[in-house]
Amino acid sequence: MSRYAAAEIEAKWQAAWDKADIFRATRTADRPKYYVLEMFPYPSGRIHMGHVRNYTMGDVIARYKMSTGHNVLHPMGWDAFGMPAENAAMASGGHPKDWTYANIADMRDQMKPLGLSIDWTREFATCDPEYYGQQQALFLDFLEKGLVYRKEAVVNWDPVDMTVLANEQVENGRGWRSGAVVERRELTQWFFRISDFAGDLLDALDGLENWPAKVRLMQENWIGRSRGLQFAFSLIDGPDGHDRIEVYTTRPDTLNGASFIGVSPDHPLARQLEKDNADLAAFNAECRRMGTSEEELEKAEKRGFDTGLRVRHPFDNAWELPVYVANFILMDYGTGAIFGCPAHDQRDLDFARKYELPVTSTFEPETPGEPYTRPEDGGTAFVPPKTEKVRYVRGVAGDEVQTGDQAIDAAIDFCEARGVGQGVTKYRLRDWGLSRQRYWGCPIPVVHCEACGVVPEKKENLPIQLPYDEGGTPIDFSVPGNPLDRHPTWRDCACPACGAPAKRETDTMDTFVDSSWYYARFTAPRAETPTVMEDAEYWMNVDQYIGGIEHAILHLLYSRFFARAMHICGHLPGKSREPFDALFTQGMVTHEIYQTRDDKGRPVYHLPDEVEGGALKATGEPVEVIPSAKMSKSKKNVVDPATIIATYGADTARWFVLSDSPPERDVEWTEAGAEAAHKHLTRVHRIVSEIAQSAEGEETAEDEALLREMHKTIHEVTGGVESFGFNAAIAKLYAFTNTLAKSRAGTGAKRQAARALVQLMSPMTPHLSEELWSMLDGAGLVAQASWPVADAAMLVDETITLPVQINGKRRGEISVPRDMDKAEVEKTALAADAVVKALEGAQPKKVIVVPGRIVNVVI
RNA sequence: GCCCGCGUGGUGGAAUGGUAGACACAGGGGACUUAAAAUCCCCAGGCUUCAGGCCGUGCCGGUUCGAGUCCGGCCGCGGGUACCA
């Protein structure tokens, strides 16, 4: 009897699949298409267990769909632009391009042994000129349709590295790499007009029924719709060009509690005033220096600068309010100006107390008599939920007692009728700035011409390729700044409009652009246009998208925007305005952390490989075990998929990452678990090969029981695979393996059962299944066999066991024919020993019979 | 702060309002073996006066013939998010 030799089997069947070319996706009308996609990886150089879990799940779906008669598209590519490649070049020399392509080759080599059903002919990397050239074409189309534009924007500027930093890259006001104090600079940047789509992107979330509710909610909050009133206060003796201050409020019902006006330090009025006021200029400069991190904002004191200016209240010409410049007001939300209502906003109240401004309640709790201290009497700001009824003492419109929502609507109507502003809907979502002052990204295909200004590059000149060297020598990344800026010749070009010498744009695109349309490119990866409508029409949408929850907002929102924009430019059909029909977010792979301490008491981490039985293998020194956490290089709690595959085989790794936890939750990698998975596969191999080799025998009385169990297993595993219940499906497969191992059924029935087992396992353990399938004389490849169908008649037993409860507590059970009618079941239940004993001759009050489920006797 | 999710044996977890703990890990006992490995069989929520009984899905209450599941209020943990006017 041959042992389970995973390495041999896996190589053999991967070669067989390759030879038969069964994973190549080709358009055809004779089968329904199914597009399954996992979020493509960044080519860091090593695959990790998270990748294994992600791609295995996608592979299970892809293989299952293939065996249910679908024409499956299951592609793979590389999200290959980005900072790590440049950082690697800066740290250790070399070129980002070489680093990236070498990593891609390494990772492909690590991925292939997993036996994924991927159509590798469609593979591409976003740093391929063939890909980013089409991205540049998209950009030009977007430009033509007004979907992308340039504007001045404030950015975090690192003066040492000479680059713009994202907010996440600023730590305590300093650049994360250079440690230099970050400056706020105004730069002209490119923006996508995503905010024009805010309402649509929000409303359309309702239609994404097969997305996790959590992700939809996160996007909803991110887009952040609010309804309010926009109106103006008239300014008394304002500087030239400033006779009013426009404000936005979601609480117009508190207008009679207004106490001051606040404007952002970046507000045009503040900028005008600082020209003649050195103190204000200093105040504003200090505000602008302040970081934007959460931590800093938390600590930052709410500070204001009294401009001395006054405005008139819109309801009362005689009522004047002071105008402050305040450090907590953002220029890019609303109008950059607010009215402060200290009674109903804690921040405004703190501000009012600090600068001794009036506090005026406009409403109070509805129920009198409850202990309540008004904010003007030293209480905290009164901010009840808007759905709660309150008593208006200085309301704007409507009843004295009403909910905040009602009062807000009434106030908007009232103000509109008086010509005081209008009701508006605003969104938190802002336009997406895509300019990056980096080398390793997709060049923005425009030209700056002295005569013509900003001119789009001609499409026939695409792709605008990144230069590899500068005048013969490879680009030196150890010099700070953007290499494209200082390149001797790359910038030089002819103006596409007038032909005069001009300069290229040196900004490149945010890498989120690259991943916002790759799913569409997979439908026609070698086309001379971004997409081909016929292919997009056929393959789109992605039927099942799988990836990490960390992309719940940015990547998925940007992709939804891009799909809309591509539709507008004729690159995607209307149905693909929402590109992902179903989304699944899987959990992480975690592992314990092993740590010792050095002589100074600092933690030293150790790889799981170096630890055995709670001590270091090398020295025997005991290790501290820290509970499971996400695998990370810095904590060394990583297991390398390559090692696992070498030790146990890919099927074991695949089986284990699916087995122990529900796919949306984290799964803890344990040596014991991996070993158990491997033991089980070895056992299946042994049991099935024994059955395959045993001689034909008589039918036995146990045949039917085994086949019934087989059909139940088919039913449950199918349901599990279809609903991402992989762990439950695997539990059922374990149970069925036990049944099969113990069964005394005849060889014929056992073969049938073994064939079903092997086939049901095949999406998870494709290699082992092929091997056993061939032993069992299955025709062709199991990968191409039709999925087994459960016989409904075999799913229900002739005789069933019903639990009998007395007053809801289980007291016994009865065995009855499946289709016995309710009255008979009741009779049988009442005759059961436990019931007779409990009733002591009395009549039950009530008997509930749930057919096929349970009987409950109420006494 | 606000929004969302989750609390089930020693552990991971299973359970359309209907037998709580499937399946697996770790554990205990046994068979085979000179021995070990491998394999196979059995036990296993807690308490108990043990052919039985009582308790039990974070805590308190409710709805129901029946609640891990539904509702209300707490407690704890996890995630998201915020000077958003």
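In what follows, chains are A, B, ... by sequence order, proteins preceding strands, each numbered from 1.
Distance from the side chain of A:Y734 is smallest for B:A24 among the nucleotides B:A82, B:A24, B:C83. The A:R810 side chain lies nearest to B:A20 when the options are B:U39, B:A22, B:A20. Side-chain proximity of A:R811 to B:C41, B:U39, B:C54: nearest is B:C54. Side-chain proximity of A:I338 to B:C23, B:A85, B:U16: nearest is B:A85. Nearest to the side chain of A:R686, among B:C3, B:C40, B:U16, sits B:C40. You'll find that the side chain of A:Y333 is closest to B:C84, out of B:C40, B:U16, B:C84. Of the candidate nucleotides B:U81, B:G13, B:C41, B:C41 has the atom nearest to the side chain of A:K742. Residue A:P662 places its side chain closer to B:G13 than to any other of B:C23, B:G13, B:U16. If you check B:C40, B:U81, B:G12 against the side chain of A:R428, the one that comes closest is B:U81. For A:R347, the listed nucleotide lying nearest its side chain is B:A85; candidates were B:A85, B:C25, B:U81.
Separation of the C1' atoms belonging to B:G56 and B:U48 is 14 Å when rounded to the nearest angstrom. Separating the P atom of B:C2 from that of B:C84 is a span of 14 Å, rounded to the nearest Å. A gap of 24 Å separates the C1' atoms of B:C60 and B:G9, to the nearest Å. If you take atom C1' in B:C6 and the same atom in B:G58, they sit 11 Å apart, rounded to whole Å. Between B:A36 and B:A51, the distance separating the two P atoms is 37 Å to the nearest Å.
When heavy atoms are screened at a 4.0 angstrom cut-off, A:K837 is found touching no nucleic acid atom at all. Among the heavy atoms of the strands lying under 4.0 Å from A:A676 are primed sugar atoms or P, OP1, OP2 only; no base atom is included. Counting non-hydrogen atoms under 4.0 angstrom, A:I329 reaches a base of the nucleic acid. Base engagement by A:R430 is indicated by at least one non-hydrogen atom pair under 4.0 Å involving a base atom. Across all strands shown, A:K809 has heavy atoms under 4.0 Å from sugar-phosphate atoms exclusively, and none from any base.
Two rings, from A:F260 and A:F351, have their centers less than 6.0 Å apart. Residues A:W211 and A:F584 place their aromatic rings such that the two centres sit no closer than 6.0 Å. Less than 6.0 angstrom separates the ring centroid of A:Y355 from the ring centroid of A:Y324. Taking the six-membered ring for Trp, A:F512 and A:H555 have ring centres at least 6.0 Å apart.
The shortest distance between the side-chain N/O atoms of A:N727 and the OP1/OP2 oxygens of B:A14 is below 4.0 Å. Neither OP1 nor OP2 of B:C83 sits under 4.0 Å from any side-chain N or O of A:R303. Residue A:R251 has no polar side-chain atom (N or O) positioned under 4.0 Å from OP1 or OP2 of B:A85. For the OP1/OP2 pair of B:A24 and a distance below 4.0 Å, the side-chain nitrogens and oxygens of A:N738 include at least one atom meeting the criterion.
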Fill in: Heavy-atom protein contacts under 4.0 Å, nucleotides 60-70 of chain B, coded B base, S sugar-phosphate only, - none
-----BS----
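Atom P of nucleotide B:C84 and atom CD of A:Q346 are separated by 13 Å, given to the nearest angstrom. As a whole-Å value, the separation of A:E668 CD from B:C25 C1' is 11 Å. If you measure from atom CG of A:L429 to atom P of B:A82, you get 12 Å, rounded to the nearest angstrom.
For the residue pair A:Q219/A:R560, the side-chain donor-acceptor check at 3.5 Å is satisfied.
For the pair A:K712 and A:D797, the salt-bridge criterion is met [side-chain N within less than 4.0 Å of a carboxylate O].
Across all strands shown, B:C54 forms a Watson-Crick or G-U wobble pair, both distances under 3.5 Å, with B:G46. Nucleotide B:A15 has no partner under the Watson-Crick or G-U criteria, as no pair reaches both atom distances under 3.5 Å.
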